[in-house]
Q: 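Please see the structure below; I have some questions.
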There are 2 protein chains.
Amino acid sequence: MNTVQYICTIMNKKEIQEQRVKGYFITATKDLLKSDGLKSVSVRNIADRAGYSFATLYNYFKDVKDLVFLCVKDFREECREYVESRTMAITPGNKRLKAIILAYMEYFIQYPGIFDLFFAEKLSDISGKGDTSALITSLLDELCAADWDYCIDMRMLTSREAGLKKAALLYGSTGLLTLYLNRRHPGSYDAFLKQATHFIDSQLKS
Amino acid sequence: MNTVQYICTIMNKKEIQEQRVKGYFITATKDLLKSDGLKSVSVRNIADRAGYSFATLYNYFKDVKDLVFLCVKDFREECREYVESRTMAITPGNKRLKAIILAYMEYFIQYPGIFDLFFAEKLSDISGKGDTSALITSLLDELCAADWDYCIDMRMLTSREAGLKKAALLYGSTGLLTLYLNRRHPGSYDAFLKQATHFIDSQLKS
DNA sequence: TTATATTTTGAACACTGTTCAATATATTTG
DNA sequence: CAAATATATTGAACAGTGTTCAAAATATAA
């Protein structure tokens with residue numbers, strides 16, 4: 001084994017170990033977020049769960065927000081799978097669009113801490129690497145993409161109309177979830193579901 | 001002066017003084033919220049600005065959330081006046097509805113801390129006295145009420161259609177503001193205004 | 001085994017909200 | 001007016017937050 005191979009092995013080993021430890025912290029953060037919500041996510045809680053000292057966290061992440069926002073990617077994927085598994089059997093078009101948006105909301109109702117992370121927690125600095133913001137706002141569009149295309153192909157909608165409806169449904173679902181999770185409006189889950197259904201129906205109509 | 005009158009005078013004086021001090025704390029909190037946002041609202045910051053010790057605050061409010069949510073009423077009134085003064089000269093109907101909703105959003109863009117207080121900050125307990133939540137969610141409806149009624153009277157809308165549009169505009173504006181203030185989506189204020197205009201137009205149409 | 005590099009860690013600092021006993025002030029009574 | 005009482009104000013203390021840094025533990029190199 002020559003020197004270059006040797007150095008590569010070393011770097012690989014370091015890289016692998018670093019990713020492993022990072023993973024422990026990320027898993028701990030995700031568990032905490034799902035079970036106890038964003039408010040109980042603290043440096044010391046995370047480190048305890050990961051089996052390290054709180055100071056160790058700062059050798060792998062620049063601050064706690066950096067770590068917390070790294071969870072977005074995994075939750076985004078989880079939400080995508082949650083929605084897809086529940087809607088792939090439905091006939092394409094308006095019917096499936098409605099089911100997708102309802103399942104999307106259902107996911108956040110189930111994990112309010114993830115909603116807080118996605119939509120309420122302030123981003124730290126401007127950087128944000130792969131732009132977490134775009135990752136969040138593009139999720140619903142991505143879930144609905146095939147069905148919007150289907151509607152456009154079937155001449156049920158123009159591309160322009162679809163664009164307007166896409167935006168309205170993103171804003172509306174974000175707002176409805178914000179109001180329900182933070183302001184208890186509407187007052188009960190039944191009332192929320194009713195409002196959500198009415199809203200989606202009215203947006204998909206015509 | 002008899003005993004009853006005397007006791008009343010005492011109680012009045014106490015009441016007046018108590019309301020005065022409460023007012024100092026509320027004013028300090030409002031100033032802090034408007035200038036530096038919700039994150040800089042702390043017990044010690046408020047008390048410093050009010051000219052008291054942080055411990056004094058707890059003689060007048062049960063906790064800091066109680067105090068912070070007392071500001072909602074004043075800000076609600078301020079927002080109402082902000083919107084009304086900018087839209088009362090406009091001809092009733094769709095045109096004014098659009099202006100009202102835009103001015104409403106403009107107010108929160110101007111004071112992001114007030115938006116956080118209204119829509120992001122978690123309510124403490126279930127009680128909430130005069131239900132702060134309803135105070136918040138009813139504001140836009142109240143601002144638009146006269147114009148919805150006008151549209152219904154003019155046979156431009158049914159009452160049922162107006163109800164759907166009302167809800168969609170509340171959810172949509174809340175969501176759009178949430179995304180713009182917390183996620184920088186869209187990326188610039190110009191793009192935000194464009195999206196807001198398109199959204200409102202599409203909701204008011206037909 | 002010794003020397004060097006790396007990782008892990010607790011102490012410390014400046015914050016947060018909240019409670020409580022001590023102090024300062026105002027009011028009532030003798 | 002002076003003494004006794006009631007009320008208001010306050011800082012110390014506690015448990016929590018995020019973050020930094022130098023010391024200690026561990027792993028790697030010579």
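So that the names make sense, note that chain A is the first sequence line, chain B the second, and so on, each numbered from 1.
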Q: Are A:Lys39 and D:dT17 close enough that a side-chain N or O sits under 4.0 Å from OP1 or OP2?
A: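 False: A:Lys39 side-chain N/O out of range (4.0 Å or more) of D:dT17 OP1/OP2.
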Q: Indicate the atoms forming the closest heavy-atom contact of B:Leu143 with B:Ile100, along with that distance.
A: O-CD1, 3.5 Å
Q: Tell me the side-chain hydrogen bond (donor to acceptor under 3.5 Å, both in side chains) pairs involving residues 23-38 of chain A, sequence neighbours left out?
A: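 The answer is A:Lys30-A:Asp74, A:Lys34-A:Glu78.
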Q: Among C:dT9, C:dT6, D:dA8, which nucleotide has an atom closest to any side-chain atom of A:Lys14?
A: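 Selected nucleotide: C:dT6.
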Q: Under 4.0 Å, heavy atoms only, any strand: does B:Phe61 hit a base, just the sugar-phosphate, or nothing?
A: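 No contact.
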Q: Under 3.5 Å, is there a donor-acceptor pair linking the side chains of B:Gln195 and B:Tyr180?
A: no
Q: Over how many whole Å does the gap from A:Phe25 atom CZ to D:dG18 atom P extend?
A: 13 Å
Q: Taking the nucleotide of DNA chain C with the closest heavy atom to each, which residue, B:Asn45 or B:Gln17, is nearer the 5' end?
A: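 It is B:Asn45 whose nearest nucleotide is closer to the 5' end.
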Q: Within the structure, does a side-chain N or O atom of B:Ser53 lie under 4.0 Å from either OP1 or OP2 of D:dT9?
A: no
Q: May I ask you to verify if any side-chain N or O of A:Tyr60 is less than 4.0 angstrom from the OP1 or OP2 atom of C:dT8?
A: yes
Q: What base-paired stems does DNA chain C take part in, with at least 3 consecutive Watson-Crick or G-U wobble pairs and both distances under 3.5 Å?
A: C:3-27 with D:4-28
Q: Looking at every non-hydrogen atom in both residues, tell me the closest pair between B:Cys79 and B:Tyr104 and how far apart they are.
A: SG-CD1, 4.1 Å
Q: Using modelled atom types and a 3.5 Å cut-off, is there a donor and acceptor pairing between side-chain atoms of B:Lys65 and backbone atoms of B:Lys122?
A: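 The answer is yes, because a donor-acceptor pair under 3.5 Å joins these two groups.
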Q: Just by modelled atom types, is the A:Phe61 backbone N or O under 3.5 Å from a matching donor or acceptor in the A:Lys22 side chain?
A: no
Q: Is there a donor-acceptor pair closer than 3.5 Å between any side-chain N or O of A:Asp116 and the backbone N or O of A:Leu38?
A: no
Q: Regarding A:Thr56, tell me which of base, sugar-phosphate or nothing describes its non-hydrogen contacts under 4.0 Å with the strands shown.
A: base
Q: N/O contacts under 3.5 Å, protein versus nucleotides 18-20 of chain C?
A:
unit_1	atom_1	unit_2	atom_2	d
C:dT18	OP2	B:Tyr58	OH	2.8
C:dT18	OP2	B:Val64	N	3.1
C:dT18	O5'	B:Tyr58	OH	3.4
C:dT18	O4	B:Arg44	NH2	3.1

Q: Salt bridge between B:Glu84 and B:Arg80, side-chain N to carboxylate O under 4.0 Å?
A: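 Yes, B:Glu84 and B:Arg80 are salt-bridged.
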Q: Separation of B:Glu18 atom CD from C:dA26 atom P, in whole Å?
A: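 Nearest whole value for this atom pair: 17 Å.
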